[in-house]
S.K.: 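Here it is: the structure, laid out below.
Just so it is clear, the structure is predicted and the values come from calculations on it, not from any experiment. By convention here, the first residue in the shown sequence is residue 1.
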Amino acid sequence: MSSALNAMKIRRKKNVKKGIQFCVMVCGASGTGRTTFVNTLCGKQVLEGKDADDPEHAHEEEGVRIKPATVELELDEEGTRISLTIVDTPGFGDQIDNEARHIVGYLERQYDDILAEESRIKRNPRFRDNRVHVLLYFITPTGHGLRELDIELMKRLSPRVNVIPVIGKADSLTPAELAESKKLIMEDIEHYRIPVYNFPYDVEEDDEDTVEENAELRGLMPFAICALASTPWGVVEVENPRHSDFLAIRSALLHSHLADLKEITHDFLYENYRTEKLSKSVDGATPGGDSSMNPEDLASQSVRLKEEQLRREEEKLREIELKVQREIAEKRQELLARESQLREIEARMAREASQSNVSEAPGGEA
Ligand SMILES: Nc1nc2c(ncn2[C@@H]2O[C@H](COP(=O)(O)OP(=O)(O)OP(=O)(O)O)[C@@H](O)[C@H]2O)c(=O)[nH]1
Ligand SMILES: [Mg+2]
């Protein structure tokens, strides 16, 4: 008993120590420097280089492998810890439709898990929320704007995850090329109305510092990533802001904007998905159902769905109870049958014994 209690205490301590949970997905064309960036961000080798597979965590899906890896990082001297999950989506080629479906599928599955957990009667204490809070979209350093496939992918991903565009291997561009490329990319994002995460702020409501900080970060987009200290052009200081926006993006992800990204994921992206999913399943149940429901209807739908599930679970329990009762009754019948068989055998043995007594008696009953 006390050892169980101890185990519980230890587990609780571990949870406290684990602290903040955050999940970053990296996505982009093959060779844009995703792996190198992740390892530099974490200060250790979290992702292996090309072709190194981790069969335990690989979700094999028609050639696209999506692999989450979790690391514990100490963020500062005060010992603030973060449990950082990195989800790598292996570099894509030109099968954009396939890639988009697999990545969106992965994002939605994490939402489905939460949705299922929320409606469970008894919650699973070990449930782990694996929703992705931010996706860094690595743009190939071409010196131009977005390619068509970037536009298509970002458009399809942004309804499900906070997308932050970054230029990978930015040191392969000259400062002038980089500045021009950043401008063209932002123009494309605006023109194609891609809802990227743009460090939202409200001049009226937010305090001055927040407004200033967010405006500055927004001005850096897309972030120029140079994660490799040694390049063909010589030594680049990864952390030198004149060479790359690495420090800016790291501090935004792990410090200043972590909470905001998590909030938007839960309150907006997940909520939208949930609404879509629930209204779809209601539509499916009533053919010809109206898909343009108002929020109140949706709320009562959601309550109804939960009640329905409760009722189903109750029914299931009742069925189990009946089945057990039936089995007990059957066993009792069997037992009674055995008992009567036994009694018959006893009676027969007694009869046989008395018969042989009679026949053995000398002279009989004369
Ligand atoms: N110049 C420069 N080269 C880099 C940078 N980051 C990575 N590289 C190099 O680019 C190549 C690909 O880097 P990776 O980090 O493996 O790229 P990836 O996107 O993970 O590639 P795949 O997983 O193969 O799709 C390697 O040879 C790296 O050394 C960078 O910031 N600047
Ligand atoms: Mg890689």
Side-chain angles (χ1 to χ4, degrees), residues 1-23 25 56-59 61 66-70 72 81-85 87 104-133 160-161 258-259 261-286 289 293 295-331:
M1 208 42 175
S2 76
S3 76
L5 243 166
N6 269 341
M8 218 164 78
K9 273 188 195 154
I10 289 166
R11 209 172 305 136
R12 195 166 297 152
K13 245 191 206 158
K14 270 192 187 155
N15 279 340
V16 171
K17 257 173 83 185
K18 246 193 233 158
I20 315 154
Q21 259 192 20
F22 194 60
C23 181
M25 182 182 254
E56 209 182 311
H57 297 290
H59 300 243
E61 284 174 323
I66 296 184
K67 302 179 273 186
T70 299
E72 305 285 324
R81 292 175 71 83
I82 179 170
S83 168
L84 181 67
T85 300
V87 186
V104 170
Y106 180 88
L107 296 168
E108 291 185 346
R109 273 201 301 283
Q110 314 316 311
Y111 287 155
D112 285 336
D113 287 352
I114 291 276
L115 198 52
E117 182 62 20
E118 270 181 355
S119 39
R120 222 182 284 283
I121 295 179
K122 218 175 145 203
R123 297 209 175 219
N124 173 5
R126 295 196 179 181
F127 179 78
R128 199 185 149 97
D129 179 356
N130 283 319
R131 285 176 294 184
V132 178
H133 302 116
R160 294 291 180 245
V161 66
L258 181 142
L261 288 162
K262 286 184 83 161
E263 250 173 62
I264 292 182
T265 303
H266 182 71
D267 297 345
F268 183 71
L269 298 165
Y270 169 64
E271 206 49 41
N272 276 350
Y273 177 74
R274 190 171 172 277
T275 306
E276 275 174 38
K277 179 115 185 176
L278 291 180
S279 51
K280 216 182 276 169
S281 63
V282 168
D283 276 356
T286 53
M293 262 188 271
E296 245 169 74
D297 284 347
L298 274 175
S300 63
Q301 288 299 357
S302 144
V303 169
R304 243 192 18 229
L305 282 175
K306 261 183 203 163
E307 281 174 354
E308 224 167 82
Q309 184 173 5
L310 266 172
R311 214 170 28 240
R312 269 201 302 272
E313 289 193 29
E314 263 174 17
E315 249 165 51
K316 227 182 276 168
L317 277 176
R318 209 168 310 130
E319 262 172 39
I320 292 173
E321 205 184 322
L322 282 176
K323 191 169 153 232
V324 169
Q325 280 175 355
R326 251 197 327 269
E327 279 172 1
I328 290 175
E330 273 168 23
K331 285 265 148 51

S.K.: Does a side-chain N-to-carboxylate-O contact under 4.0 Å join Glu276 and Arg160?
M.R.: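 Here Glu276 pairs with Arg160 in a salt bridge, since their nearest N and O are under 4.0 Å apart.
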
S.K.: For Val161, run the side chain to side chain contact (heavy atoms under 4.5 Å, CB included) check against Val104, Ile264, Val132 and tell me which one passes.
M.R.: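 Checked Val104, Ile264, Val132 against Val161; only one passes side chain to side chain contact (heavy atoms under 4.5 Å, CB included): Val132.
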
S.K.: Are the side chains of Leu258 and Ile20 in contact, using a 4.5 Å heavy-atom criterion?
M.R.: yes

S.K.: Please assess Arg120 against Phe127 for the test side-chain contact (heavy atoms from CB on, under 4.5 Å), listing each intermediate value before the final yes or no.
M.R.: CA-CA 11 Å; Arg120 222 182 284 283; Phe127 179 78; 5.8 Å; no

S.K.: For Cys23 versus Val87, what's the shortest heavy-atom pair and its separation?
M.R.: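 Scanning both residues, the minimum pair turns out to be SG-CG2, 3.7 Å.
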
S.K.: Judged by atom type as modelled, is there a donor-acceptor pair below 3.5 Å linking the side chain of Glu117 to the main-chain atoms of Asn124?
M.R.: yes

S.K.: Under 4.5 Å between any side-chain heavy atoms of Lys277 and Tyr111, yes or no?
M.R.: no

S.K.: Roughly how far, to the nearest 0.5 Å, is CD of Gln21 from NZ of Lys262?
M.R.: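 Going from the NZ atom of Lys262 to the CD atom of Gln21 covers 6.0 Å.
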
S.K.: Answer whether the closest heavy-atom distance between the side chains of Leu317 and Glu321 falls below 4.5 Å.
M.R.: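 In short, these two side chains do not touch, never coming nearer than 4.5 Å.
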
S.K.: Could you go through Arg128 and Thr70, starting from their C-alpha distance and side-chain angles, then the distance that decides it, and tell me whether this counts as side-chain contact (heavy atoms from CB on, under 4.5 Å)?
M.R.: CA-CA 12 Å; Arg128 199 185 149 97; Thr70 299; 3.9 Å; yes

S.K.: What donor-acceptor contacts under 3.5 angstrom involve side-chain atoms of residues 265-273, with partners at least two apart or in another chain?
M.R.:
residue: Thr265; atom: OG1; partner: His133; partner atom: O; Å: 3.4
residue: Thr265; atom: OG1; partner: Asn162; partner atom: ND2; Å: 3.3
residue: Thr265; atom: OG1; partner: Leu261; partner atom: O; Å: 2.7
residue: His266; atom: ND1; partner: Arg131; partner atom: NH1; Å: 3.0
residue: His266; atom: ND1; partner: Arg131; partner atom: NH2; Å: 3.4
residue: Tyr270; atom: OH; partner: Glu118; partner atom: OE1; Å: 3.0
residue: Glu271; atom: OE2; partner: Arg274; partner atom: NH1; Å: 3.4
residue: Tyr273; atom: OH; partner: Asp112; partner atom: OD1; Å: 2.7
residue: Tyr273; atom: OH; partner: Asp112; partner atom: OD2; Å: 3.4

S.K.: Which heavy atom in Pro68 sits nearest to a heavy atom in Thr85, and how many Å separate them?
M.R.: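 Looking at all heavy atoms of both residues, the closest pair is CB-CG2, 4.1 Å.
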
S.K.: Is any side-chain heavy atom of Ile121 closer than 4.5 Å to a side-chain heavy atom of Glu313?
M.R.: yes

S.K.: Are the side chains of Lys323 and Ile320 in touch, meaning some heavy atoms are under 4.5 Å apart?
M.R.: no

